[in-house]
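Please read the structure below before turning to the comments.
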Amino acid sequence: MTAFSSDFMRIIHERGFVDACTHAEELDALLKAETVSAYIGYDCTAPSLHVGSLVSIMLLRWFQKTGHRPVVLMGGGTTRVGDPTGRDDARKMLTDDEIAANMAGIKGVFARYLTFGDGAGDAVMVNNADWLDGLAYIPFLRDYGRHFSINRMLTFDSVRMRLERETHMSFLEFNYMILQAYDFLELARRDGIRLQMGGADQWGNILNGVELGRRCDGVSLYGLTVPLITTASGAKMGKSAQGAVWLNEDQLPAYDFWQFWRNTEDADVGRFLRLFTELPLDEIARLEALGGAEINEAKKVLAHEASTLARGEAAALAAAETARAVFEQGGVGEDLPSVTVPADELAAGVSAPALFTRVGLTASNGEAKRLIKGGGARINDVTVEDIGRMVTDGDLKGGEIKLSAGRKSHALVRVG
RNA sequence: GGAGGGGUGGUCGAGUGGUUAAAGGCACCGGACUGUAAAUCCGGCGGGGAAACCCUACGUUGGUUCGAAUCCAACCCCCUCCA
């Protein structure tokens, strides 16, 4: 690997952020010579981003840390089209209201990772609806459509996959890559942006933008992608017991976020520390060298660092405290999910399955019953033997009742 | 527009009149083993019910039948070839 002279290129290569890069030496020289603006686009398909996007967010953060100017592009316009990349069916069409709501949710995430403002190195956020919504069809086709070769477009993975699998692809979706390419050109023109970054699956889309810039304006644009992160056992990263690992607090409590990192597979610890924390590499090397059960210490560091970035240090410490109380002392912690039951209702008794469902440990009474039959349900750490078990105020311990589903999921019932 | 093929549970994919809440795989959830890891093995995996059992579900809507995911009709959507 080439020795890079710019801090950004050196650091992200050392830390494993780079999947592919267009003319890396040239880009390195540019980053060394001047303050560069780079962007990553995020479509508004969900009310929050999840850990799958975190690699790219960390990348923007390093970009800013090394003296450059990150631009977050909200895909207010492209979300209305729908990126076909990596899917063999069309996305559900989102209404404009849904897109606006999703965008509002996603925007909040970035404030924790980037410093926004008007200064030279400050991050900015833009919305491609600002220029895409107003495009006029015929002029657009004449000015830009002529630069796109259908023959070439058909060879891109996102399209080819649909063709090979003989699944439907609408013209609407087919246009996504053109619009994304145009985004890059537009941003280069209006804001001097030279670099687009993104996930490995965006490589084709990014290249289109690079080429469009050269063809239309003769400018040198650059592209860089980060690898798709899978766990050592091959699964796509980002599932927790509760489903997707969202970055937004309102989508996933800090305790669950912390737990997600704490449960990292041994083989992933070093890689994740490099990608998702900013600890020095020698410290990471020391942590990942820990053997056997010792590696758990490294996982706690990972959980702390990642949680501090996403949710703040106080939330990270509180989550760690709860985890310690629950797992190392077999007790309870403040951060466990909880539900409050009226005193008179509890006095009368609530069936165990209903209570497990009520606190969210199970999705239905049936599931709760199956959990009990399988021996996975516990009340105050005592296995529930009978699906007819009633829970009453007699079960209160220190004003709380601890419910557990399996070894890892716990919740509290309080009286109110 | 014509001819043919197809739309099944979170997903992939069997099933072509009753014994099918629907084989099998994956994902997921429990249990055992561990270190809140991985791998492995075991169990579970639509909703309600203590249970008997009831309800909902096989693109949509009707129909045939004692009985339909399975047969018929119309419609919607997808794929292939033809125009």
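Labels below follow one simple rule: chain letters A, B, ... track the order of the sequence lines, proteins then strands, and each chain is numbered from 1.
Between A52(B) and G43(B), the distance separating the two C1' atoms is 25 Å to the nearest Å. Between C58(B) and U16(B), the distance separating the two C1' atoms is 12 Å to the nearest Å. Taking the P atom of each, C76(B) and U60(B) are spaced 15 Å apart, rounded to whole Å. Here, U8(B) and G4(B) have their P atoms 22 Å apart, quoted to the whole Å. Between U64(B) and G18(B), the two C1' atoms lie 16 Å apart (nearest whole Å). Distance noted for atom C1' between C71(B) and G17(B): 8 Å (whole Å). As rounded to the nearest Å, U34(B) and C28(B) have P atoms that lie 23 Å from one another. Taking atom P on both nucleotides, C79(B) is separated from U70(B) by 24 Å, rounded to a whole Å.
In this structure G1(B) sits in a base pair with C82(B), meeting the Watson-Crick or G-U test at under 3.5 Å. U40(B) is paired with A32(B) under the Watson-Crick or G-U wobble criterion, all donor-acceptor distances under 3.5 Å. Using N1 to N3 plus N6-O4 or O6-N4 for Watson-Crick, or N1-O2 and O6-N3 for G-U wobble, each under 3.5 Å, G10(B) pairs with C26(B). Nucleotide A74(B) is matched to U60(B) when pairs are restricted to Watson-Crick or G-U wobble geometry with both distances under 3.5 angstrom. With a 3.5 Å ceiling on both atom-pair distances, A52(B) lacks any Watson-Crick or G-U wobble partner.
Distance CZ (R162(A)) to P (C78(B)): 12 Å, rounded to an integer number of Å. When rounded to the nearest whole Å, the span between CG of N296(A) and P of A38(B) equals 11 Å. K408(A) places its NZ atom 11 Å from the C1' atom of A38(B), with the value rounded to the nearest Å. In this structure, K369(A) atom NZ and C53(B) atom C1' are separated by 13 Å, rounded to whole Å. In this entry the distance linking NE2 of H168(A) with P of G5(B) reads 22 Å, nearest Å. Taking atom NZ of residue K299(A) and atom P of nucleotide A38(B), one finds them 7 Å apart after rounding to whole Å. Summarising the geometry, the separation between CD on E297(A) and C1' on A37(B) is reported as 14 Å, rounded to the nearest angstrom. Computed from coordinates, the E265(A) CD to U36(B) C1' distance equals 13 Å when rounded to whole Å.
Using a 4.0 Å heavy-atom distance criterion, I295(A) is classed as a base contact. If you check every strand for non-hydrogen atoms under 4.0 Å, Q259(A) touches a base. Residue contacts shown for G406(A) are limited to sugar-phosphate atoms, with no base heavy atom under 4.0 Å away. If you check every strand for non-hydrogen atoms under 4.0 Å, A377(A) touches nothing. Residue-level contact check: D268(A) touches neither bases nor backbone, having no heavy atom under 4.0 Å from any strand.
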CA sep, side-chain torsions, deciding dist, call: K397(A), V332(A), side chain to side chain contact (heavy atoms under 4.5 Å, CB included): CA-CA 11 Å; K397(A) 269 191 171 177; V332(A) 299; over 6 Å; no
Check against ring pair (Phe, Tyr, Trp, His ring centres under 6.0 Å), H410(A) and Y255(A): CA-CA 11 Å; H410(A) 309 275; Y255(A) 170 73; 8.3 Å; no
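When distances are taken from the side chain of A293(A) to each of U36(B), G49(B), G35(B), the shortest belongs to G35(B). Residue S233(A) places its side chain closer to A38(B) than to any other of G47(B), A38(B), U36(B). Considering only side-chain atoms of E166(A), the nucleotide from G30(B), U80(B), A38(B) that sits closest is U80(B). For R370(A), the side-chain atoms get nearest to C45(B) when compared with the rest of A32(B), G49(B), C45(B).
Using bins of under 30°, 30° to 60° and over 60° for the plane-to-plane angle, the ring pair F174(A)/F171(A) lands in the tilted bin. A perpendicular orientation is assigned to the rings of H23(A) and Y222(A), their planes being inclined by more than 60° (bins at 30° and 60°).
With contacts defined as side-chain heavy-atom distances shorter than 4.5 Å, the pair L132(A)/D183(A) qualifies. In this structure, the side chains of T22(A) and I206(A) stay at 4.5 Å or more apart for every pair of heavy atoms.
Using a cutoff of 4.0 Å between basic side-chain nitrogens and carboxylate oxygens, E249(A) and R112(A) are not scored as salt-bridged.
Of the residues near RNA chain B, G388(A) and F327(A), the one whose nearest nucleotide (by heavy atom distance) lies more toward the 5' end is F327(A). Annotation: of the two residues near RNA chain B, G374(A) and I387(A), the 5′-most nearest-nucleotide partner is G374(A).
Considering D83(A), T225(A), D19(A) as possible partners of Q202(A), the one that fulfils the side chain to side chain donor-acceptor pair (under 3.5 Å) test is D83(A).
Side-chain N/O atoms of D266(A) and base N/O atoms of G35(B) include a donor-acceptor pair closer than 3.5 Å.
OP1 or OP2 of A32(B) lies within a sub-4.0 Å distance of a side-chain N or O belonging to R407(A). At G48(B), one or more side-chain N or O atoms of S364(A) fall inside 4.0 Å of OP1 or OP2 (strictly under the cut-off).
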